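Everything quoted here is computed from the prediction, not taken from an experiment. Quick note: numbers below take in every heavy atom, side chains included, and nothing from hydrogens, waters or symmetry partners. Naming convention: chains lettered A, B, ... in sequence-line order (proteins, then strands); numbering from 1 in each chain.
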Amino acid sequence: MGSYFIRRLLALIPTLIIASIIVFSVVRLIPGDVLDLMLSENDYSATGHDTREQLERALGLDRPIYMQYLSWAGNALRGDLGNSLWRNTSVTSEIAERLPVTIQLGVLSLIVALTIAIPIGIYSAVRQETIGDHVGRTFSIIALAIPNFWLGTMVVILPAMWWGWSPPNDIVPFFKDPLENLKVLLLPSIVLGASLSAVVMRMTRTMMLEVLRQDYIRTAWAKGLPERTVVIRHAVKNAMIPVITLIGILIPILFGGTVIIEQIFRLPGLGELLLQSVSTRDYPIITGIFLITGVVVMLVNLLVDMCYGLLDPKVRYDG
Amino acid sequence: MTADLSEKLGREMTGDPARATDEQPETSTDTLPPPAKLPLRYRNRFVEFFYRLFTERPLGAVGAIICVLLLLTGIFADFIAPHGYNAISPLDRLKPPSAEHWFGTDHLGRDVFSRVVYGAQLSVIVAFAATTLSIIISVIIGLFSGYLGGRTDMTTQRVVDGWMCFPDLIILIVAVSVLGPGTWQVILILGLLFGISGSRIVRGAVLTAKENVYVHAARSIGASTGWILWRHILPNVMPPIIVLYTTRLAAVILAESGLSFLGLGIPPPAPSWGGMLSIDGRSYMFLAPWLAIMPGLALAIAVFGINMFGDALRDILDPRMRGGTGRYIARVRKPGGQTT
């Protein structure tokens, strides 16, 4: 039991190192002419990056590559991701300021997606080839084809046109005023959750169908158990295990979704900071966000795997 | 189909083992397969595929029709579109849909219908270019990593692991921030992004395929790795690759439009569907909702068509990848019913 978790934890280390190298290489991809472009596009004199050399130093491009990587990775491990090129704030504090909104949006969307998808998926499988199943599958097919940015745009535009109503976007911290906070985040979460639910619904349905044809389900029927018990006690419990792993797959998609949804609903999250930094070419912030999203995805996957190990003893023995 | 192919290859192997060790395989390839029979079989398979598509998977057939229409719209955009995609006409600003402008006009007086048609062309170009690139990358990584195994596989897979930690859209945004927006950059980045993640699927198929007896046979008579990969493994992993290609087309179209929506994809005035929906045009959309509806509808229909076609393709070509379908519950619940 314990060894499974330890092994899983150790396996994280090489991935983490490789991921950090990927992030670092992308930063190194910044070609020299971009530095010139940055200088010609922007006036950095106020921040003390007005010559090429100073900019190179600020980005750490003036040292040998391995030194750059080691010092960058060392600082990152200590939570220091450098400073913004524009404001004299640390990247870590900028990200920490934006992260709660994104995490909250992500978690709410996930809750919305699961509450829509799992019951419909189960119903669809249990009542296969009925009208309810067809309606559920049609919904998931349509939801899969509608891009979340289009759905979001329509949700913002149509009510504004018809009733002159537009979604609120003055976010307040959750712990200050939970109700006001949810009021702002609810609609964006529903939009993002709905577009995610299609995948979960399909997966739930497939897994349920898989489980429903197992021998132990036949036995349960043969014992004369009521349908409720067979479905909930015997089938759903087993079908949900793979669906939990799906959450690990959904997290990266969720991150991408939050970037788009934050833009549409003008929420001050991580994605908004990322896009803003892209337009101002604030590379330390871009790098920081890149790294943070990778690490968060990795940690969530670790958690999911551990839950998987707890729920399904077979996994632990196979290694 | 897979079994068919492997049987064919197996027959070739036993029929003339000397061929596998041939120093110049190029010269001997055309002499070997049973002449005149193969084209007929392929044609039958092709016909059979469409027969099954239309009879077993009607939704997939609808998808196939949408794909063909999208393709034709892309190819003949110049003839279909009544106006140029960037034909500005300030007098016709924000006109609602009419006989002259089917989908209305935008804030510069450009015909939205023409822009949607040219948008199909752009989507088709980007989708095919990026997907082809990504499949080439996937196949190369997947074949070598899966077939060579051992340390090569370990190292490659750890790198792929690391790469796949990052959300697609974040990688795209960061890459665009470095390379700058533009059609070629978008194709390159999308190709690389999906190529690396898709290599997993190719690798998985290779791991299964390389355990076939004829692969062992080929290796034991001294066939080179390249020859085995090309002649024995690749034909066998073709079905999942074809399925991957189709599903990736939709993913690429969505990713491109998402990027363009954020203003980081293909820069205006190019008529990208995502770009037409972008934040910059938001203020006009309140006045002219057709600006928001039409490109989005085109995008959704295209993605729907490709998805449906891809699903059907997977079910027909590659039964191993199929999820739980069938009517098990009905069989299980009927007393005395046969369970499979």
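Ranked by heavy-atom pairs shorter than 4.5 Å toward chain B, the options A/Leu291, A/Thr15, A/Ile142, A/Asn301 are led by A/Thr15. Options B/Ile293, B/Asp311, B/Leu264 differ in how many heavy-atom pairs under 4.5 Å they form with chain A, and the most are formed by B/Ile293. Heavy-atom pairs under 4.5 Å with chain B peak, among A/Leu151, A/Thr153, A/Ile146, A/Val296, at A/Thr153. Looking only at heavy-atom pairs under 4.5 Å with chain A, the residue among B/Val159, B/Asp168, B/Leu59, B/Leu254 that has the most is B/Val159. The greatest number of non-hydrogen atom pairs below 4.5 Å with chain B, out of A/Ile157, A/Val300, A/Val278, A/Ile251, is found for A/Ile157. Heavy-atom pairs under 4.5 Å with chain A were tallied for B/Pro289, B/Gly162, B/Gly296; the largest tally goes to B/Gly296.
Rounded to the nearest 0.5 Å, atoms CD1 (A/Ile18) and CD (B/Gln157) are 10.5 Å apart. The line from CG of A/Leu12 to SG of B/Cys165 is 8.0 Å long, rounded to the nearest 0.5 Å. For the atom pair B/Met308 CE and A/Leu144 CG, the distance stands at 7.0 Å (nearest 0.5 Å).
Looking at B/Ile301, there are no atoms closer than 4.5 Å to chain A (heavy atoms on both sides), in backbone or side chain. Both the backbone and the side chain of B/Asp161 have a heavy atom closer than 4.5 Å to some heavy atom of chain A. Interface remark: A/Leu275 contributes side-chain atoms only to the contact with chain B (heavy atom separation under 4.5 Å). With a threshold of 4.5 angstrom between heavy atoms, A/Leu274 approaches chain B through side-chain atoms but not through N, CA, C or O. There is no contact between A/Val295 and chain B, counting heavy-atom distances below 4.5 Å. Proximity to chain A (any heavy atom under 4.5 Å) is shown, for B/Leu172, by neither the backbone nor the side chain. In this structure, chain A has heavy atoms under 4.5 Å from both the backbone and the side chain of B/Ile171.
Heavy atoms from other residues, nucleotides or ligands lying under 6.0 Å from CZ of B/Phe144 number 12 at most.
Closest approach of B/Ser177 to A/Ile286, counting heavy atoms only: OG-CD1, 3.8 Å. Residues A/Pro252 and B/Pro167 share a closest heavy-atom pair of O-CB, 3.3 Å.
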Which is it for B/Phe304 and A/Ile141 under the side-chain contact (heavy atoms from CB on, under 4.5 Å) test, yes or no, and what are the steps along the way? CA-CA 7 Å; B/Phe304 166 80; A/Ile141 286 168; 3.2 Å; yes

Stepwise side-chain contact (heavy atoms from CB on, under 4.5 Å) test for B/Phe261 and A/Ile264: CA-CA 10 Å; B/Phe261 171 80; A/Ile264 294 174; 3.6 Å; yes

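Residues B/Leu299 and A/Trp150 are not in side-chain contact: their nearest non-hydrogen atoms beyond the backbone lie 4.5 Å or more apart. A heavy-atom distance below 4.5 Å is found between the side chains of A/Phe290 and B/Ile170. Taking 4.5 Å as the limit, every side-chain heavy atom of A/Val297 sits out of range of all side-chain heavy atoms of B/Phe166.
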